[in-house]
Amino acid sequence: MQMKDYWQNYIDGAWVDGGAGRVDIINPGTGETLAQQALADEADIDRAVQAARRVHLSGVLTDMRPVERGRMVQAMGRYLLDNRDAVAELLTLEQGKPLWEAQKEIDGAARYFEYYGNQAETLEGRSIPLGAGYFDFTHYEPYGVSAQIIPWNFPLEMTSRSLSAGLATGNACVIKTPELTPLSQHIFCEAAEAVGFPAGAVNIMCGWGHQAGAALSGHPDINQVVFTGSVKTGIAIATAAAQNVVPCVLELGGKSAAIVHDDADLDAFERDIRFGIFTNAGQVCSAMSRVLVHESRHDEVIDRAVKIARSLSVGPGIERTEAGPTMGPMVSEAQRDRAAGMVADAEGQGATVATGGRKMNIPGAFLEPTVLSNVTPDMTIAQEEVFGPVLSVMPFRDEAQAIEIANGTQYGLVGGVFTRDLDRATRAARALRAGQIFVNEWFAGGVETPFGGYGRSGYGREKGREALLNYVQTKNVAIRTRA
């Protein structure tokens, strides 16, 4: 995909301008304008929803054998891989992450299409025995129009996660892309056309959340909403959808904690620090933003975390092509300033900046990789999501206190425990209030493993087979047979 000066939206198989004008897309690695993107208004959203509804009502997606639909979904993933290098460069320029991380994101995006394409023909109902004279069975049907509102931190993976599942189950999809990182999303439009999905099956538009996002989530003709983003926006979307009794899948914020016991392998844990909090400049919902470490190893973990943070080569992502200890900018100067402000507030509340914590004196939205010590559980930095490369380290005395601190926020997305003691790890896995628990490796798992939150981290599940059930309704058919 070549960089263009102006990028349009994709509605009903055609590239179109937006009724809300245009927005400048900024390269966070330099602060310079990359291009302009069309912005959808309420009328554009309605056209896209009606196109998707027409496709659903036509039966074109549900009439075909699921294996054929699944093959088309898989082919979309292969299309992403065939265009990997060009799309990765575009993603890096608009989002900031190192080029090698962008390439890894595209690999992950393609994996969703492979996985859910393979699942399309396996989503089967069941027979229910009712005794003599009856034949009863269940049948899964797509909701119809799946509205998907995508975040800016992993725009390709997050779109793939919902789009692949939506199409595999026979839904038509309307996607609102993030206004900060919409350009690389155009690959999905090309892929849908290339593999033969009919016009209207995939519609992708950029727009402001308060305008296009609100219009989509509150539209009376959508049948399901998938959203990843902030708690505040998630509540607004769920409220709008509820007015039409439309179900939602919400993946919201996180303030996830890793519990590091005195017997943990700290050499291995250094890798978890590197990837857990500094991947994508910490802009990860499931980031390891808190480390709770046994008081006997606290100082050592601080020293190791500082070493990792200071080892990172930080600069424009497009210059960081090889996998290694690198970090790009945050997605925007506004996001960078918010994170830096939270670090400053933490200092004011008594935390100590062991390293980093400041804006970097170079062009772009850069924040130094940051490690905080002397953080207490009641501090704002320990309760609220930073969404940046900021690690808070806190000591604990015993298992009970560690669990209490880990569960002491309103979030419950993921958690982790690091120990050689299997019994202790099992106790922690049961006690931690989170949707996914990592033992001895942060981000363990994959596309196959269900992902979602407790509490203010949302509801519903993405990834894994469980996610498919968010995109279908169960119909029961009871037949009275003649003797």
Side-chain angles (χ1 to χ4, degrees), residues 4-12 15-28 31 33-52 91 94-96 145-156 158-159 162-163 173-186 188-189 202-222 225-244 246 248 250-253 283 285 330-338 365 387:
K4 301 181 292 188
D5 291 335
Y6 173 54
W7 300 68
Q8 294 176 298
N9 291 321
Y10 185 76
I11 300 174
D12 202 10
W15 296 100
V16 296
D17 293 332
R22 304 181 179 190
V23 63
D24 289 338
I25 306 303
I26 306 300
N27 180 348
T33 299
L34 280 173
Q36 288 190 320
Q37 165 69 49
L39 288 172
D41 65 5
E42 295 87 348
D44 296 321
I45 293 294
D46 182 64
R47 286 168 52 213
V49 170
Q50 298 309 327
L91 176 60
E94 67 173 340
Q95 203 276 340
V145 178
S146 174
Q148 303 172 4
I149 301 175
I150 308 300
W152 48 256
N153 57 333
F154 289 96
L156 290 172
M158 298 301 96
T159 298
S162 53
L163 178 59
C173 300
V174 179
I175 296 169
K176 191 202 84 69
T177 70
E179 57 269 22
L180 290 173
T181 57
L183 306 183
S184 53
Q185 298 276 319
H186 288 69
F188 297 110
C189 312
V202 176
N203 305 272
I204 299 182
M205 297 159 292
C206 182
W208 300 117
H210 67 270
Q211 184 176 26
L216 182 58
S217 58
H219 199 289
D221 289 327
I222 64 168
V225 179
V226 182
F227 170 73
T228 299
S230 71
V231 173
K232 180 180 178 181
T233 304
I235 291 172
I237 287 171
T239 301
Q243 303 305 308
N244 296 309
V246 170
C248 296
L250 303 179
E251 185 212 315
L252 308 180
Q283 299 165 124
C285 294
M330 296 185 67
V331 73
S332 69
E333 291 186 359
Q335 290 291 328
R336 187 271 316 276
D337 292 348
R338 176 184 176 276
F387 222 62

Contact between [X] and [Y] at the side-chain level, heavy atoms closer than 4.5 Å - yes or no?
| X | Y | result |
| --- | --- | --- |
| Trp7 | His186 | yes |
| Leu252 | Phe227 | yes |
| Val202 | Cys189 | no |
| Val331 | Gln283 | yes |
| Leu91 | Pro155 | yes |
| Pro182 | Ile25 | yes |
| Leu216 | Val174 | yes |

If the condition is salt bridge (Lys or Arg N to Asp or Glu O under 4.0 Å), which residues does [X] pass it with, not counting sequence neighbours?
| X | answer |
| --- | --- |
| Glu94 | none |
| Asp12 | Arg54 |
| Asp337 | Lys359 |

From [X] atom [atom1] to [Y] atom [atom2], the distance as rounded to the nearest 0.5 Å:
| X | Y | atom1 | atom2 | value |
| --- | --- | --- | --- | --- |
| Ile11 | Met205 | CD1 | CE | 5.0 Å |
| Leu156 | Leu163 | CG | CG | 11.5 Å |
| Gln36 | Arg22 | CD | CZ | 5.5 Å |

Where do [X] and [Y] come nearest, in terms of heavy atoms and distance?
| X | Y | value |
| --- | --- | --- |
| Gly18 | Tyr6 | N-OH, 4.3 Å |
| Thr233 | Ser230 | OG1-OG, 3.0 Å |
| Ala212 | Gly207 | CB-CA, 3.7 Å |
| Ile149 | Ser217 | CD1-CB, 4.4 Å |
| Val49 | Val145 | O-CG2, 4.3 Å |
| Cys206 | Asn9 | N-OD1, 2.9 Å |

Side chain to side chain donor-acceptor pair (under 3.5 Å) with [X]: which residues, sequence neighbours excluded?
| X | value |
| --- | --- |
| Ser332 | none |
| Asn203 | none |
| Gln335 | none |
| Gln50 | Asp46, Asp221 |

### Message
Just to verify, what does Phe188 make a ring-ring contact (aromatic ring centres under 6.0 Å, His included) with, not counting sequence neighbours?
### Response
none
### Query
For Tyr10, which residues count as a ring-ring contact (aromatic ring centres under 6.0 Å, His included) partner, sequence neighbours excluded?
Trp15
### Query
Among all residues two or more places apart in sequence or in another chain, which pass the side chain to side chain contact (heavy atoms under 4.5 Å, CB included) test with Ile150?
Gln148, Met158, Thr159, Ser162, Ile175, Pro178, Gln185
### Message
By the salt bridge (charged side-chain N to carboxylate O under 4.0 Å, His left out) test, which pairs, at least two apart or in different chains, include something from residues 176-185?
### Response
Lys176-Glu179
### Query
Would you find a donor on one side and an acceptor on the other, under 3.5 Å apart, between the side chain of Asn27 and the backbone of Thr33?
no
### Summary
Exactly one candidate in Val23, Leu180, Asp24, Thr181 meets side-chain contact (heavy atoms from CB on, under 4.5 Å) with Gln37; the answer is Val23
### Message
Both conditions, 6.0 Å and 45 degrees, for the charged tip of Arg338 above the ring of Phe387: are they met here?
### Response
no
### Task
Walk me through it: do Gln8 and Asp17 pass the test side chain to side chain donor-acceptor pair (under 3.5 Å)?
CA-CA 5 Å; Gln8 294 176 298; Asp17 293 332; 3.0 Å; yes
Pairs of donor and acceptor atoms involving the side chains of residues 236-244, under 3.5 Å and at least two apart or interchain, shall be tabulated with distances.
| residue | atom | partner | partner atom | Å |
| --- | --- | --- | --- | --- |
| Thr239 | OG1 | Ile235 | O | 2.7 |
| Gln243 | NE2 | Thr239 | O | 3.3 |
| Asn244 | ND2 | Gly218 | O | 3.0 |

